[in-house]
Amino acid sequence: MRRKTVGDQELALLQYIGENEPTSVGEVAARYGESRGLARSTVLTMMERLRTKGYLQRASHEGVYRYQTTAEQQEVVNSAVSSFVEKTLQGSISPFVTWMSEKAEVSDNELAELEALVARLQSQRRED
């Protein structure tokens with residue numbers, strides 16, 4: 001079964017939790033939410049929404065719910081990118097490739113990743 005997609009704010013929150021798990025709503029509100037102007041109630045709502053979507057799980061520890069991710073971060077990012085390409089770019093990666101080619105700052109690591117991707121795609125095409 002395919003999971004529900006996450007929005008930009010949910011994705012950022014999920015990545016934060018993944019880097020700081022297990023964590024409580026209070027800890028996330030203080031360390032993540034305050035700097036972004038998010039009230040504790042908003043953080044709680046977002047975390048519960050992510051739990052309902054299946055991206056977070058919680059367990060009670062000493063009377064406090066501790067949350068942690070249920071999926072690898074790359075899986076979540078891949079899902080968000082896939083949703084963006086399908087919904088926003090109507091399935092075409094051409095606008096993204098154009099944006100990348102015009103982006104002034106492409107790091108050596110990003111360029112190496114792109115080159116490896118192109119090589120893998122070319123290899124797959126030759127196999128077909």
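Hydrogens, waters and symmetry mates play no part in the numbers below; they use all other heavy atoms, side chains included.
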Is it true that a side-chain atom of S123 and a backbone atom of A119 form a donor plus acceptor pair closer than 3.5 Å?
no
Using a 4.5 Å cut-off on heavy atoms from C-beta on, say whether the side chain of R58 contacts that of M47.
no
d(Q9 CD, T42 OG1) to nearest 0.5 Å is 9.0 Å
Just how far is it from atom CD of Q57 to atom OG1 of T70, taken to the nearest 0.5 Å?
6.0 Å
Please tell me whether V118 and L111 are part of a single hydrophobic cluster in this structure, the criterion being side-chain heavy atoms less than 4.5 Å apart.
no
Would a distance-only check, ignoring hydrogens and angles, find a side-chain to backbone donor-acceptor pair under 3.5 Å from S83 to A80?
no
Give a yes or no answer on whether the side chain of T88 reaches the backbone of V85 with a donor-acceptor pair at less than 3.5 Å.
no
Under 3.5 Å, is there a donor-acceptor pair between the side chain of T45 and the main chain of S41?
yes
Smallest separation among heavy atoms of V43 and G33, with atom names
CG2-CA, 4.1 Å
Which other residues belong to the hydrophobic cluster containing L121, where Ile, Leu, Val, Met, Phe, Trp and Tyr are joined when side-chain heavy atoms lie under 4.5 Å apart, directly or via other members?
L117
Could you state whether V64 and M46 fall into the same hydrophobic cluster, counting links through intermediate Ile, Leu, Val, Met, Phe, Trp or Tyr residues with side-chain heavy atoms under 4.5 angstrom apart?
no
For R51, enumerate each residue passing the salt bridge (Lys or Arg N to Asp or Glu O under 4.0 Å) test, keeping only those at least two apart in sequence or located in another chain.
E48
Interatomic distance, CG@L44 vs OH@Y65, rounded to 0.5 Å, equals 11.0 Å
Would you be so kind as to tabulate the donor-acceptor pairs closer than 3.5 Å made by side chains of residues 11-29, with sequence neighbours excluded?
| residue | atom | partner | partner atom | Å |
| --- | --- | --- | --- | --- |
| N20 | ND2 | Y16 | O | 2.8 |
| E21 | OE1 | T69 | N | 2.5 |
| E21 | OE1 | T69 | OG1 | 3.0 |
| E21 | OE2 | T69 | OG1 | 3.4 |
| T23 | OG1 | E27 | OE1 | 2.9 |
| S24 | OG | E27 | N | 3.1 |
| E27 | OE1 | S24 | N | 3.0 |
| E27 | OE1 | R66 | NH1 | 3.2 |
| E27 | OE1 | R66 | NH2 | 3.3 |
| E27 | OE2 | R66 | NH1 | 3.1 |

Smallest separation among heavy atoms of M100 and L114, with atom names:
CE-CD1, 3.5 Å
